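The structure appears right after this line, and notes come after that.
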Amino acid sequence: MKIISMDVMSTGVIAYYVLISSRNGFFTPIVVNGENRAYADPVPQAVILTAIVIGFSIQAIMLVGVMKLARDNPTLESNEIEKNNTP
């Protein structure tokens, strides 16, 4: 549940960033016929794409960790795992 809640939180932050940075009247930054238009800045788009990829990678690593813990421990309760693995 912690992994899913972190994923939901990450998705919410990305959606909030997209909502704040979206503006009407901007065009994609592709020059066509030398017209002067108000173009959207591509840097925030690249940052959001990077955040999505990093979030997916972190979620995959956390799921692999949970799979390894599930193989070694009969429960997925964090309190029980900490109690069993404390020296």
Side-chain angles (χ1 to χ4, degrees):
M1 293 304 291
K2 291 178 184 180
I3 295 172
I4 292 173
S5 64
M6 287 183 63
D7 185 49
V8 168
M9 183 180 64
S10 172
T11 303
V13 168
I14 290 170
Y16 179 71
Y17 191 86
V18 169
L19 177 73
I20 295 299
S21 66
S22 66
R23 294 192 172 92
N24 292 332
F26 287 121
F27 296 97
T28 55
I30 299 172
V31 178
V32 178
N33 298 331
E35 298 177 19
N36 290 331
R37 293 184 177 178
Y39 292 112
D41 187 14
V43 174
Q45 297 170 12
V47 169
I48 288 299
L49 285 175
T50 304
I52 291 170
V53 170
I54 290 172
F56 178 74
S57 302
I58 290 173
Q59 184 180 11
I61 289 172
M62 287 191 297
L63 288 173
V64 168
V66 167
M67 287 173 49
K68 287 185 179 254
L69 285 173
R71 185 179 47 190
D72 297 339
N73 297 297
T75 182
L76 288 179
E77 294 293 327
S78 60
N79 294 334
E80 293 293 323
I81 293 171
E82 289 174 1
K83 187 171 29 173
N84 292 338
N85 293 328
T86 303

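All figures in this text were calculated on a predicted structure; none of them were measured in a lab.
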K2: what forms a salt bridge (charged side-chain N to carboxylate O under 4.0 Å, His left out) with it, not counting sequence neighbours? none
In residues 51-58, what donor-acceptor pairs under 3.5 Å come from side-chain atoms, sequence neighbours left out?
| from | atom 1 | to | atom 2 | distance (Å) |
| --- | --- | --- | --- | --- |
| S57 | OG | V53 | O | 3.0 |

Considering only residues two or more places apart or on different chains, which pairs with a residue in residues 50-72 satisfy salt bridge (Lys or Arg N to Asp or Glu O under 4.0 Å)? none
Counting only heavy atoms not in M6, do more than 12 fall under 6.0 Å of its CE? no
Do any pairs count as a salt bridge (Lys or Arg N to Asp or Glu O under 4.0 Å) and have a residue in residues 75-87, sequence neighbours left out, and if so which ones? E80-K83
Test side chain to side chain contact (heavy atoms under 4.5 Å, CB included) applied to V66 - qualifying residues, sequence neighbours left out: I3, L76
Side-chain donor-acceptor contacts of residues 10-20 below 3.5 Å, not counting sequence neighbours, with atom names and distances?
| from | atom 1 | to | atom 2 | distance (Å) |
| --- | --- | --- | --- | --- |
| T11 | OG1 | D7 | O | 2.9 |

